[in-house]
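Here is the naming used below: chain letters follow the sequence lines, and residue numbers restart at 1 for every chain. Basis for what follows: all heavy atoms, side chains included, without hydrogens, waters or symmetry-related copies. No experiment lies behind these values; they were computed from the predicted model shown.
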Amino acid sequence: MSPLTITTRDAAPGPVLEITGDLDYMTAPELRTAVAGLSLTAGHLLVLDLAALEFCDSSGISALLAARNVVMEHDCGLALAAVPANTARILSIVGLDQVFTLHADVSAATARTSARH
Amino acid sequence: MMCRTDQVPEPGEGQDVDATDAVFTSLLEDSAEELYEEAPCGYVSTLMDGTIAKINATLLAWLGLERSEVVGRKRFADLLTVGGRLYHETHFAPMLQMQGAVSGIAMDIKTAAGRMPVLVTSKVKTTEEGEPLLIRTTVFDARDRRAYESELLRRRTVAEEARRQAEADRARLQEALAVLQQNLLPAELPTIPGLEAGSYYHTASPDLLGGDFYDLFPLETGRWAFFLGDVCGKGPQAAAVTSLTRYTLRAAALHNPDPVTVLTTLNTVLHERYTSGDPRYCTAIYGVLDLTGEHVGVHLASGGHPPALIQRTDGSADYLPTPGGMLIGVLPQAHFSATRTDLLPGETLLLYTDGLTEARTGPQRERYGDDALREFTAARPGHGPQALIAALTGLLASFGTGLDDDTALLALGVPAPLPTTVSES
């Protein structure tokens, strides 16, 4: 089990959160806090970079959904970039691959000109 | 004073020392008698039979007695309370006789104001030939010490009482949690003619209500509904969602048992209830068993739940995919997909929560996984749902601390026909 680290940087369409480690029952609140602390303005695109995400359980999925609720309240968009295979499989099992916008990597996600979901 | 050795004595220094000694001498005049009578402890000397021969003023003052009432008239034991006298007789005096001295024994003496705790030390004075002459005894005031000890004891009692109360509170809370937990699951599975059912529930923590649930209940004649699911999260909030989910599913099934319709109803209920703030959702498989036909018909739908597994009679096991079924309660409009299959005699349908497949195993702490579960199930002989549940219970136990989540199992199957030929024996 790995600890969770979240680093934030700014890209053209909006903030990018790089999520490293395990996103689970213990660490999911950290993602919620990080998303709540963002200053989002309408039309921004929040990108969650999951390239280094090692594990994501139902609490992690829940935190992703909470992030989606937050950005939608701000009239912003959310994109998941570089979703690891096992998490992509879980998202597909729970049907959330139809809900989240998925991209191969961050550059593909931030290249989108329209941030609207 | 230490550096004086190298100094030349100043004139008159010897006179100063002499003066100090004179002051001490005057203070300590008639020192022996004064010290004996007014010592900060009681002194008493007795004959070997305990008769008091000499006693000091301090002890007399404590006792509230005149010297004339005591000397030659009372024994040492007469100064003690009843309990003290008993202890003196049974322990103190024999020890003194054997050892010639006894030190620091706690006893109570009788005083005008009642009893007074003291510490008694006695020593036998002997002649040069070793013949015992008399007993010298000191009596120390132990009132403050006894009060201090009582206070310590009282505090310990208070602390123990607090601990007992905390343990009782904890036990009561656990009992309440256990009752709530039981309310989330059927007390026992119903007996269904022509069908065998087995279930298991593993609680990861007695303090945290689990979010896993399952049920099996009758619809109209020959048809039964079942479900198994997992509410996101743990604790009271998750249990509240679990309760809502369970009763919504049961009510919806009685209204219209179609699997997609039932899950859609649940989705609407959960989404409306938890539309703002923290998302609360669940995954579930809901289905209907039809026992009216030749085979047992299974019609089920999944909302974001790991696929059901069917243990075949030919030593294989297949997942029953329900692609695209979404988490329940996340979106106002959710898509669920249904599937149908038949259970042949000897085949078992297994529903499980991801506590099983996400358990960490082996030295690398890897997730157990779907493939391992399929292989495990395929490798078991098709002895029916209860045998499969027993095998999986053993598997879960073997995970040890790797199983860190609640896990629910529900197995449904058609008993294999009795063998028509008697096996060789």
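- Side-chain atoms of A:Thr87 do not come within 3.5 Å of backbone N or O of A:Val83 as any donor-acceptor pair.
- You'll find the ring centres of B:Phe226 and B:Tyr214 outside the 6.0 Å limit.
- Interface remark: B:Leu331 contributes side-chain atoms only to the contact with chain A (heavy atom separation under 4.5 Å).
- For A:Leu96, the part sitting under 4.5 Å from any heavy atom of chain B is the side chain, from C-beta outward, and nothing else.
- Looking only at atom types and distance, the side chain of B:Asp212 has a donor-acceptor partner in the side chain of B:Thr353 under 3.5 Å away.
- Comment: B:Arg360 does not engage A:Asp24 in a salt bridge, judged by the lack of any side-chain N to carboxylate O separation of less than 4.0 angstrom.
- Neither the backbone nor the side chain of A:Leu91 has a heavy atom closer than 4.5 Å to any heavy atom of chain B.
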